[in-house]
Amino acid sequence: MDLLQKIKSERAQSKKKRPFKRRLFDKVNDLVRTYSLEESFLSKLEVPEDYLSEANIEFAQLRKKRPIEFPLFSLSAEEEYRLTTAIMSKVNNPYLEFAQSPDEIAISKTLFDLNPSLGADTLERYHFETLLLCERAKKEMEDLLQQARDRRRKEGRGSAKESLGDGRTLPDSLEKRIDQLQSFVARVDDLEKSH
C-alpha cells in the first residue's frame, strides 16, 4: 500500500460514525438536578455514612437498578455546575460513572476501596448498596474462617469443637454466621448468573 492509499484509508476510518458517549459531567449534573442536591451533600461525601456496617445481611434486599436514560448534554446554573464539579473531584473513582442516585454517589468510594475490579455489567445492574453488602459479607466470611483456623490451632488439632471441613464442627454461632454470609453471597451470585 502506498502512502496515498494509506492516508485515504486512515481518513475513511476516522470518518466512521462512533456511538456518542455521555460525559461523566452530564451524568452527575443530571443527578444534581434530578435530586435537587445542595452544597450540604458535599459534607456527606467527606465522612460517608456507614449505615451499611450494621446492616443485617441475611435480611438485606437485593436491589437491582432500573435503566436510566441520562441526557446527551446538560445545561446547568452556576450553582449546579459548581456542585457537580465539586462532587466529581471529591468522589473521583471509576464507579461514579455508574451511580444513579445520591446514595450510590456516596457509597461508590467505599465500594471502590473494597473491590476496585468490579465489571461494568455488575455496576450497571446492581445497586451499589447490594454490591457493598456482598463485598463486606465476603470479607467478614474470610475473617471468620481465619478466626476459626486460629482458634483451632490454639486449642490443638485434637479438639472436637473446632473445624474447617475435616470432619469436626465450628461453634454454633460462628457456623451460623458463616452460613448466613455464604447464603447472601450466593443470592447475589445467583442473580448475576441469571442475567
Side-chain angles (χ1 to χ4, degrees), residues 17-144 177 180-181 184-185 187-189 191-192 194-195:
K17 290 184 179 180
R18 294 186 187 113
F20 184 80
K21 187 174 178 186
R22 288 169 179 82
R23 295 178 315 146
L24 179 60
F25 176 85
D26 297 322
K27 291 180 178 181
V28 175
N29 189 254
D30 188 53
L31 293 174
V32 167
R33 279 187 282 126
T34 301
Y35 290 94
S36 304
L37 298 180
E38 296 178 355
E39 292 286 327
S40 60
F41 180 70
L42 293 174
S43 63
K44 289 182 179 180
L45 298 178
E46 288 174 14
V47 183
E49 288 181 43
D50 202 10
Y51 64 94
L52 294 175
S53 65
E54 300 300 318
N56 202 350
I57 287 177
E58 63 270 22
F59 299 116
Q61 283 189 313
L62 302 182
R63 295 174 63 184
K64 291 181 111 181
K65 290 185 183 182
R66 57 181 171 72
I68 291 181
E69 195 60 41
F70 288 100
L72 293 176
F73 62 91
S74 58
L75 298 172
S76 60
E78 186 177 346
E79 288 177 20
E80 291 171 340
Y81 176 84
R82 285 187 184 156
L83 182 56
T84 300
T85 54
I87 289 170
M88 289 172 60
S89 67
K90 279 187 184 279
V91 176
N92 195 18
N93 72 69
Y95 293 177
L96 179 60
E97 181 179 341
F98 301 96
Q100 293 185 353
S101 69
D103 291 347
E104 286 192 313
I105 291 173
I107 294 172
S108 69
K109 182 176 178 357
T110 307
L111 180 61
F112 181 73
D113 291 344
L114 277 174
N115 187 351
S117 61
L118 291 172
D121 287 346
T122 302
L123 294 166
E124 287 172 350
R125 190 175 304 136
Y126 297 105
H127 193 281
F128 288 1
E129 178 181 298
T130 297
L131 296 174
L132 183 58
L133 285 172
C134 186
E135 291 303 318
R136 288 195 174 155
K138 289 176 185 177
K139 173 86 171 92
E140 184 180 346
M141 199 166 38
E142 189 178 300
D143 292 345
L144 290 175
R177 183 61 180 162
Q180 290 170 342
L181 296 169
F184 180 78
V185 170
R187 283 184 9 210
V188 175
D189 288 344
L191 266 179
E192 197 166 331
S194 69
H195 251 0

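Only heavy atoms go into these numbers, but all of them, side chains included; no hydrogens, no water, no symmetry mates.
Put simply, CE on Met141 and CZ on Arg136 are 15.0 Å apart, with the number rounded to the nearest 0.5 Å. We find the CZ-CG distance between Arg125 and Leu123 to be 10.5 Å, quoted to the nearest 0.5 Å. Glu129 CD to Leu132 CG: the interatomic distance, rounded to the nearest 0.5 Å, is 8.0 Å. Taking CD1 of Ile105 as the reference point, atom CD of Gln100 lies at 10.5 Å (rounded to 0.5 Å). With rounding to the nearest 0.5 angstrom, the CG atom of Leu181 is 10.0 Å from the CG atom of Asp143. The CG atom of Leu96 lies 8.5 Å from the CG atom of Leu31; values are rounded to the nearest 0.5 Å.
At a threshold of 4.5 Å between non-hydrogen side-chain atoms, the residues Phe128 and Leu131 count as touching. Put simply, the side chain of Arg177 reaches to within 4.5 Å of the side chain of Leu144, judged on heavy atoms. At least one side-chain heavy atom of Leu37 sits under 4.5 Å from a side-chain heavy atom of Ile87. Residues Arg33 and Ser74 meet the side-chain proximity criterion, which asks for heavy atoms closer than 4.5 Å. In this structure, Ser101 and His127 have side chains that are in contact, with non-hydrogen atoms separated by less than 4.5 Å. At least one side-chain heavy atom of Leu118 sits less than 4.5 Å from a side-chain heavy atom of Glu135.
With hydrogens and angles ignored, the 3.5 Å screen pairs a side-chain donor or acceptor of Lys65 with a backbone N or O of Phe98.
By the neighbour-count criterion of 12 heavy atoms within 6.0 Å, atom NZ of Lys109 is sparsely surrounded, having that number or fewer from other residues, nucleotides or ligands.
Of the N and O atoms on the side chains of Asn93 and Ser108, at least one donor lies less than 3.5 Å from an acceptor on the other residue.
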(Q) Could you walk me through whether Glu39 and Arg82 satisfy the salt bridge (charged side-chain N to carboxylate O under 4.0 Å, His left out) test, starting with their C-alpha distance in whole Å, then the side-chain angles of each, then the deciding distance to 0.1 Å, before giving a yes or no? (A) CA-CA 9 Å; Glu39 292 286 327; Arg82 285 187 184 156; over 6 Å; no
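The aromatic rings of Phe25 and Tyr81 are tilted relative to each other, their planes meeting at an angle between 30° and 60°.
Closest approach of Ser117 to Tyr95, counting heavy atoms only: N-OH, 3.3 Å.
Residues Lys27 and Glu97 are paired through a salt bridge, judged by an N-O separation under 4.0 Å between the basic side chain and the carboxylate.
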